[in-house]
**Q** 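This structure is in structure tokens; I'll ask about it shortly.
All values below were derived from every heavy atom in this structure, side-chain atoms included, with hydrogens, water molecules and symmetry-related copies excluded. Chain letters run A, B, ... following the sequence lines, proteins first and then strands; every chain starts at 1.
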2 protein chains.
Amino acid sequence: MRVLIVEDERRLAEALGQIMAEQRYQTDVVYDGADGLDYALTGQYDVIVLDVMLPKLDGFEVASRLRHAHVSTPILMLTARDEMPDKIAGLDHGADDYMTKPFDIGELLARVRALTRRQGEVIGEQLVAGDLILELSTRCLRRGDKSVRLGFKEFDVLRQLMVHPRAVVPKEDIIARVWGLDSEAEDNNVEVYISFLRKKLTFLESNVSIGTVRKVGYYLEVPAS
Amino acid sequence: MRVLIVEDERRLAEALGQIMAEQRYQTDVVYDGADGLDYALTGQYDVIVLDVMLPKLDGFEVASRLRHAHVSTPILMLTARDEMPDKIAGLDHGADDYMTKPFDIGELLARVRALTRRQGEVIGEQLVAGDLILELSTRCLRRGDKSVRLGFKEFDVLRQLMVHPRAVVPKEDIIARVWGLDSEAEDNNVEVYISFLRKKLTFLESNVSIGTVRKVGYYLEVPAS
DNA sequence: CCTCCACAATCAAAACTCTCATAGGTAAGA
DNA sequence: TCTTACCTATGAGAGTTTTGATTGTGGAGG
């Protein structure tokens, strides 16, 4: 497993590198966004730990450019503690997960493991789960030869589910990530969009469906592969 | 957000509980280490505020045992004085953060926020007893390839039993933990849910069953392993 | 060994809650 | 103006919880 760590705080970066090395990861550590992008563009890594605040190029920019270059390596983004909007921005730029500093090293390792074993693969600019393909650039959802266009909200909601297929995503999380952390959107909004999405899944005759966990949230039901 | 407060100084404990309740936390307050451990073992909390000096079991012991039982709820430990050894000991025993008394309530709230913010999605946390697997995220109960959905109450009741397999859980405890400490639920409610659960255990053809101790409560009967 | 009683288990209906799906309304952009 | 995307309201329906009545059972005392 190869990991790229892009973090300008040297002490933190070195510590991370060492700890991950102890966990049998092969690590490369760089200290600015430009280097980070160069290294990452090689596509040789299994996961990238990417700070947001970086010299030369910030983390969002790095993530965006990577995705643009069809590099699909999973990205775990590190955001500064009080910058909540960063989380949303991070996901929008193509990050797969985020953590706020200060973080627990054990949790970081757990999330890295989660990213490397994840089933929803980002291939080029698309997310895949089961027989579904979500094209990130056009916001089109395809299955076989059929395809439908998704609205922004539909797209964002579905993406949340597709990033971790089978994992239950709480409604409140969906609201936080799609509508914003301090939004007043209600559960009903999510329900409405889930309903729209289900209709489209049915239309596409996909083998994946959206499951409900009462009083909690939703998950993607993907047939055993 | 659910918070467990374990603190033997009643006045402080109550005050904390009230303040956190005002901050929209759902709080449970207990006054000794043994209760603290029992409550915490349910894994239902998002953070635990844990005093070190406690009757029955001290805070270190509680933290150790929790980690041993693979309960990963973040722990904020309260140490009596500015005793350096305590801090180290606390972190060694599995605490995630510590504060020394007397502390500023605002700082405590800030630290609790920090701890809860790093909560990742819990993927695949489960309770096991005999051939039964209780999936915490989906509230599904599995045995072999069969699986059933549990309602909220069913789930909560069963979880109480599964935390300590073979241990007798008094009905009043079940009521306190599932319906709330000051609820008006009657014994019959518990009996009804036990009945529901037994039906589902039968359906699953599990080797685990629910035993009755007359006038006291219930326990999980798990075949000798 | 039998009887009785208190407690436990079960059942079914009522009360309640949450989810789903649809329709109507609003705002922004073509 | 027309279209598109989004939000809100609503009611039907499904699922959950409570309630009260009825039936079953273990064990103490006769």
**Q** C:dA21 P sits how many Å from A:Ile210 CD1, rounded?
**A**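 Taking CD1 of A:Ile210 and P of C:dA21, I get 10 Å after rounding.
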
**Q** For D:dT8, does either OP1 or OP2 sit under 4.0 Å from a side-chain N or O belonging to A:Asn189?
**A** yes

**Q** Between C1' on C:dT17 and CG on A:Asn188, what's the gap in Å once rounded to a whole number?
**A**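 Roughly 14 Å, once rounded to whole Å.
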
**Q** Under a plain distance cut-off of 3.5 Å, with no hydrogens placed, do B:Asp28 and B:Tyr45 share a side-chain donor-acceptor pair?
**A**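 B:Asp28 and B:Tyr45 do have a side-chain donor-acceptor pair below 3.5 Å.
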
**Q** Between B:Ile175 (CD1) and D:dT17 (P), how many Å, whole number?
**A**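 One finds 15 Å between P of D:dT17 and CD1 of B:Ile175, rounded.
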
**Q** For A:Phe196 and C:dC20, what is the distance between atoms CZ and P respectively, to the nearest whole Å?
**A** 13 Å

**Q** Between A:Ser195 and C:dT19, is there a contact of a side-chain N or O with OP1 or OP2 at under 4.0 Å?
**A** no

**Q** Counting C-beta onward and ignoring hydrogens, is there a side-chain heavy-atom pair between B:Tyr218 and B:Val190 closer than 4.5 Å?
**A**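 A side-chain contact exists here, since the closest heavy-atom pair is under 4.5 Å.
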
**Q** A:Arg149 CZ to D:dC6 P: how many Å, rounded?
**A** 11 Å

**Q** Measuring to OP1 and OP2 of C:dT19, would you say a side-chain N or O of A:Lys171 lies under 4.0 angstrom away?
**A**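 Result: yes.
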
**Q** Tell me whether the OP1 or OP2 atom of D:dT16 has a side-chain N or O from B:Tyr193 closer than 4.0 Å.
**A**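 No, outside the criterion.
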
**Q** So which nucleotide from C:dA8, C:dC20, D:dT8 ends up closest to the side chain of B:Glu191?
**A**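 For the B:Glu191 side chain, the nearest candidate turns out to be C:dA8.
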
**Q** If you compare every side-chain N and O of A:Arg214 against the phosphate oxygens of C:dT19 (OP1, OP2), does one of them come in below 4.0 Å?
**A**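 Checking C:dT19 against A:Arg214, no side-chain N or O comes under 4.0 Å of OP1 or OP2.
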
**Q** For a quick check of understanding: with a heavy-atom distance under 4.0 Å over all strands, which category does A:Phe152 fall into, base, sugar-phosphate or nothing?
**A**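 It contacts sugar-phosphate atoms only.
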
**Q** Please give, in whole Å, the distance from D:dT17 P to B:Leu197 CG?
**A** 11 Å

**Q** Taking only N and O in the side chain of B:Tyr218, is any of them less than 4.0 Å away from OP1 or OP2 of C:dA9?
**A** yes

**Q** What nucleic acid atoms does B:Asp187 come within less than 4.0 Å of, heavy atoms only: base, sugar-phosphate, or nothing?
**A**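 Here B:Asp187 touches no strand at all.
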
**Q** Hey, is the side chain of A:Trp179 poking within less than 4.0 Å of OP1 or OP2 on D:dC7, counting only N and O atoms?
**A**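 For D:dC7, OP1 or OP2 has a side-chain N or O of A:Trp179 closer than 4.0 Å.
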
**Q** Any side-chain heavy atom of B:Glu154 within less than 4.5 Å of one from B:Leu141?
**A** no

**Q** Using atom CD of B:Glu186 as one end and atom P of C:dA9 as the other, report the distance to the nearest whole Å.
**A** 16 Å

**Q** Grab the NZ-P distance between A:Lys153 and C:dT26 for me, whole Å please.
**A** 19 Å

**Q** Ignoring backbone atoms, establish whether A:Lys199 has a side-chain N or O less than 4.0 Å from OP1 or OP2 of C:dT22.
**A**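 Yes, within the criterion.
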
**Q** Testing the 3.5 Å rule here: is there a donor-acceptor pair between the side chains of B:Asn188 and B:Glu191?
**A**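 There is such a pair (donor and acceptor under 3.5 Å, judged by atom type) between the side chains of B:Asn188 and B:Glu191.
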
**Q** Think A:Arg139 forms a cation-pi with A:Phe152, using NZ or CZ under 6.0 Å from the six-ring centre and within 45 degrees of its axis?
**A**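 Yes - A:Arg139 lies over the ring of A:Phe152, closer than 6.0 Å to its centre and within 45° of its axis.
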
**Q** Would you mind classifying the nucleic acid contact of A:Phe155 as base, sugar-phosphate or nothing, using non-hydrogen atoms under 4.0 angstrom?
**A**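 Nothing: the residue A:Phe155, judged by heavy atoms under 4.0 Å, touches no strand.
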
